[in-house]
J.: 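Next up is a structure, given as structure tokens.
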Amino acid sequence: MTEQEYVEVILLGVGGATCSGKTTLAKHLNSILPDSVIIHQDDFAPPMELVPIHPIHGVQDWDAAPGAISWQRLIDFLRAIKRTGKIPPDHRSHDHLNEQKIIVVDGDTKEKWIEEFKSIQEAIKERTGKKVIFGILDGFLLYWHPQVIEQLDIPIMLRVPHDVLKQRRHERHGYHTAAWFFTLHAPLDNYLGVSGSVQSDPEGALWRDPPEYWENIVYPAYLEAHQELFVGGDTEKGKLSGKKVENLMLLETLQMTLTEAVGRSCEVIKEFLGKRY
């Protein structure tokens, strides 16, 4: 048995609407969990020239679920991580080009969880011989495609009211999106089972919302993509239905501090590890 076969990947999902704080939470979990890496779903958007045009409003629609993500590429990527325990070497992210707001959590709380997960990881290795590592997938459409959902071990969703999301979105100056090009001989055979790959231009492309884009496209697409998760299809205020995503943890993040959100997420991760190992 090779060393690689002793590695087991736990995939966390941190989902929610645009500007809900999911990337902030994901980055804090990344700083706490040992041997962890963040995977941004936005990095799997199609190239700008392939983004569909909204049939009514006549602008590119980056938010309607069917065309917003290159789904098979994302699914293959997640399966490759689960199979190999590695990020495919040709993967590039453009998240560093986006605005980065630093929101701190309580230092004692953070240090407590860092030590606790380090001890848990060591105990699992001692008991089972497996090294547990973590992938943290953050994105605004994590819980739409069934084959993405089935790859996630611990699903978390942040819910924030409409008016707050709208204000945060309008305060942003734009989003960097991946500009993709094909490389015919990239060494991905060991990861995705194909001889070619798709890479991103490290500079990406800057997208700015046209007028009324939030009202006409972004928010309606968010409601539609998530309605199956909630009783009566009430994405804004409904209780979780439990039908599409089992064991989904919903965080109403305006009703708690970021430190509390991090703590609750860590409790769920700890509980999962305790049951599995």
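Numbering of residues begins at 1 and proceeds along the displayed sequence.
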J.: Measuring from atom NZ of K166 to atom CD of E171, what distance do you get when rounded to the nearest 0.5 angstrom?
T.: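 K166 NZ to E171 CD: 12.5 Å, rounded to 0.5 Å.
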J.: Going hydrophobic residue to hydrophobic residue with side-chain gaps under 4.5 angstrom, can you get from I53 over to V218?
T.: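 No; tracing contacts between hydrophobic side chains, which count when under 4.5 Å, never links both residues.
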J.: Taking N30 for the side chain and S36 for the main chain, is one N or O donor matched with an acceptor at less than 3.5 Å?
T.: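 Side chain of N30 to backbone of S36: a pair is present.
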J.: Which heavy-atom pair separates P46 from G67 by the least distance, and what is that distance?
T.: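 So the minimum-distance heavy-atom pair works out to CG-O, 3.5 Å.
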J.: Are more than 12 heavy atoms, taken from residues, nucleotides or ligands other than N247, located less than 6.0 Å from that residue's CG atom?
T.: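 Open: at most 12 neighbouring heavy atoms sit under 6.0 Å from CG of N247.
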J.: Under the side chain to side chain contact (heavy atoms under 4.5 Å, CB included) test against F272, which residue among K275, R276, K270 passes?
T.: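 Answer after filtering K275, R276, K270: R276.
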J.: When you look at V148 and W71, which way does the side chain to side chain contact (heavy atoms under 4.5 Å, CB included) test go after all the steps?
T.: CA-CA 8 Å; V148 171; W71 290 105; 3.8 Å; yes
J.: Identify the two heavy atoms, one from C19 and one from K22, that lie closest to each other, and give their separation to 0.1 Å.
T.: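 Looking at all heavy atoms of both residues, the shortest contact is N-NZ, 3.9 Å.
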J.: Quick one: do M256 and I156 end up in the same hydrophobic cluster if we chain Ile, Leu, Val, Met, Phe, Trp and Tyr together by side-chain heavy atoms under 4.5 Å apart?
T.: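 Same hydrophobic cluster.
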J.: Could you walk me through whether Q147 and Q151 pass the side chain to side chain contact (heavy atoms under 4.5 Å, CB included) check?
T.: CA-CA 7 Å; Q147 292 182 63; Q151 297 299 317; over 6 Å; no
J.: Using the rule side chain to side chain donor-acceptor pair (under 3.5 Å), only one of K130, E8, K125 pairs with Y277; which is it?
T.: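 Result: among K130, E8, K125, E8 is the only option passing the side chain to side chain donor-acceptor pair (under 3.5 Å) with Y277.
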J.: Within the 4.5 Å heavy-atom criterion, are L251 and S265 side-chain neighbours or not?
T.: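 A side-chain contact under 4.5 Å exists here.
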J.: Return the orientation label for the Y219 and H162 ring planes: parallel under 30°, perpendicular over 60°, tilted otherwise.
T.: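 The rings of Y219 and H162 stand perpendicular, inter-plane angle above 60°.
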J.: Testing the basics here: between V14 and L142, what is the closest heavy-atom pair and its distance to 0.1 Å?
T.: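 So the two residues come closest at N-CD1, 3.3 Å.
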J.: To the nearest 0.5 Å, what is the distance between CH2 (W214) and CG (N216)?
T.: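 Here the rounded value is 12.0 Å.
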J.: Indicate yes or no: does R264 engage E260 in a salt bridge with an N to O separation below 4.0 Å.
T.: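 Here R264 does not pair with E260 in a salt bridge, since their nearest N and O are not under 4.0 Å apart.
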J.: Are the side chains of T109 and V262 in touch, meaning some heavy atoms are under 4.5 Å apart?
T.: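 T109 does not reach V262 side chain to side chain.
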J.: Working to the nearest 0.5 angstrom, can you tell me the gap between L25 CG and D138 CG?
T.: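 One gets 9.0 Å once the value is rounded to the nearest 0.5 Å.
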J.: Hey, does Y143 have a side-chain heavy atom less than 4.5 Å from the side chain of K244?
T.: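 No, too far: nothing below the 4.5 Å cut-off.
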J.: Is there a side-chain contact between I217 and D209 (heavy atoms, below 4.5 Å)?
T.: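 Answer no - side chains too far apart.
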J.: Looking at side-chain heavy atoms only, is the closest gap between F134 and I32 below 4.5 Å?
T.: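 Heavy-atom side-chain distance check fails, nothing below 4.5 Å.
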J.: About how many Å separate CG of D43 and CG of L74, when rounded to the nearest 0.5 Å?
T.: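 Answer for the CG-CG pair, L74 versus D43, is 10.0 Å.
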J.: When you look at T18 and L165, which way does the side chain to side chain contact (heavy atoms under 4.5 Å, CB included) test go after all the steps?
T.: CA-CA 7 Å; T18 177; L165 294 173; 6.0 Å; no
J.: Would one find more than 12 heavy atoms of other residues, nucleotides or ligands at under 6.0 Å from atom CD of E126?
T.: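 For E126, atom CD is not crowded (no more than 12 foreign heavy atoms under 6.0 Å).
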J.: Could you tell me whether the side chain of E224 and the main chain of A64 form a donor-acceptor pair under 3.5 Å?
T.: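 Checked: no pair found.
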J.: Which heavy atom in D106 sits nearest to a heavy atom in T259, and how many Å separate them?
T.: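 So the minimum-distance heavy-atom pair works out to N-OG1, 2.9 Å.
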J.: Below 4.5 Å, heavy atoms only, C-beta onward: do L12 and I10 meet side chain to side chain?
T.: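 Touching, per the 4.5 Å side-chain cut-off.
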J.: Strictly distance-based, threshold 3.5 Å: is any side-chain N or O of Q41 a donor or acceptor partner for the main-chain N or O of L137?
T.: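 No.
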J.: Contact between I114 and P34 at the side-chain level, heavy atoms closer than 4.5 Å - yes or no?
T.: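 The answer is no, as the side chains (C-beta and beyond) never meet within the 4.5 Å cut-off.
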J.: Apply the test side chain to side chain contact (heavy atoms under 4.5 Å, CB included) to residues W113 and E267: give CA-CA distance (whole Å), side-chain angles for both, the deciding distance (0.1 Å), then the verdict.
T.: CA-CA 9 Å; W113 283 113; E267 290 284 0; 3.6 Å; yes
J.: Quick check on the 6.0 Å ring-centre criterion: do H226 and F230 meet it?
T.: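 Between H226 and F230, the centre distance exceeds or equals 6.0 Å.
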J.: Do W144 and L229 have side-chain heavy atoms sitting under 4.5 Å apart?
T.: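 No, their side chains stay 4.5 Å or more apart.
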J.: Looking at K110, I want to see if its NZ is surrounded by more than 12 non-hydrogen atoms of other residues, nucleotides or ligands under 6.0 Å.
T.: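 For K110, atom NZ is crowded (more than 12 foreign heavy atoms under 6.0 Å).
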J.: Check for a donor-acceptor pair, side chain of R159 on one end and backbone N or O of A17 on the other, with a separation under 3.5 Å.
T.: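 No.
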J.: Give a yes-or-no answer on whether the side chains of D163 and Q167 include a donor-acceptor pair shorter than 3.5 Å.
T.: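 Absent: no donor and acceptor within the cut-off.
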J.: Between S241 (side chain) and E228 (backbone), is there a donor-acceptor pair under 3.5 Å?
T.: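 Checking the backbone N and O of E228 against the side chain of S241, a donor-acceptor pair under 3.5 Å is found.
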J.: In sequence, state the C-alpha distance, the side-chain angles, and the governing distance for R79 and E150, and then conclude on salt bridge (charged side-chain N to carboxylate O under 4.0 Å, His left out).
T.: CA-CA 10 Å; R79 287 173 176 167; E150 71 182 18; 3.8 Å; yes
J.: As an exercise, state the distance from CG of L254 to OG of S20, rounded to the nearest 0.5 Å.
T.: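 Answer for the CG-OG pair, L254 versus S20, is 10.0 Å.
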J.: Work out which heavy atom in L141 is nearest to a heavy atom in A225; give both atom names and the distance.
T.: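 So the minimum-distance heavy-atom pair works out to CD2-CB, 3.6 Å.
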J.: Kindly work out whether a path of hydrophobic side-chain contacts (I/L/V/M/F/W/Y, heavy atoms less than 4.5 Å apart) joins W62 to L50.
T.: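 Hydrophobic grouping puts W62 apart from L50.
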J.: Drop me the distance from Y213's OH to D63's CG, to the nearest 0.5 angstrom.
T.: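 With rounding to 0.5 Å, OH (Y213) is 4.0 Å from CG (D63).
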J.: Should D153 and K82 count as an ion pair when the cut-off is N to O under 4.0 Å?
T.: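 Judged by the 4.0 Å cut-off on N to carboxylate O distance, D153 and K82 do form a salt bridge.
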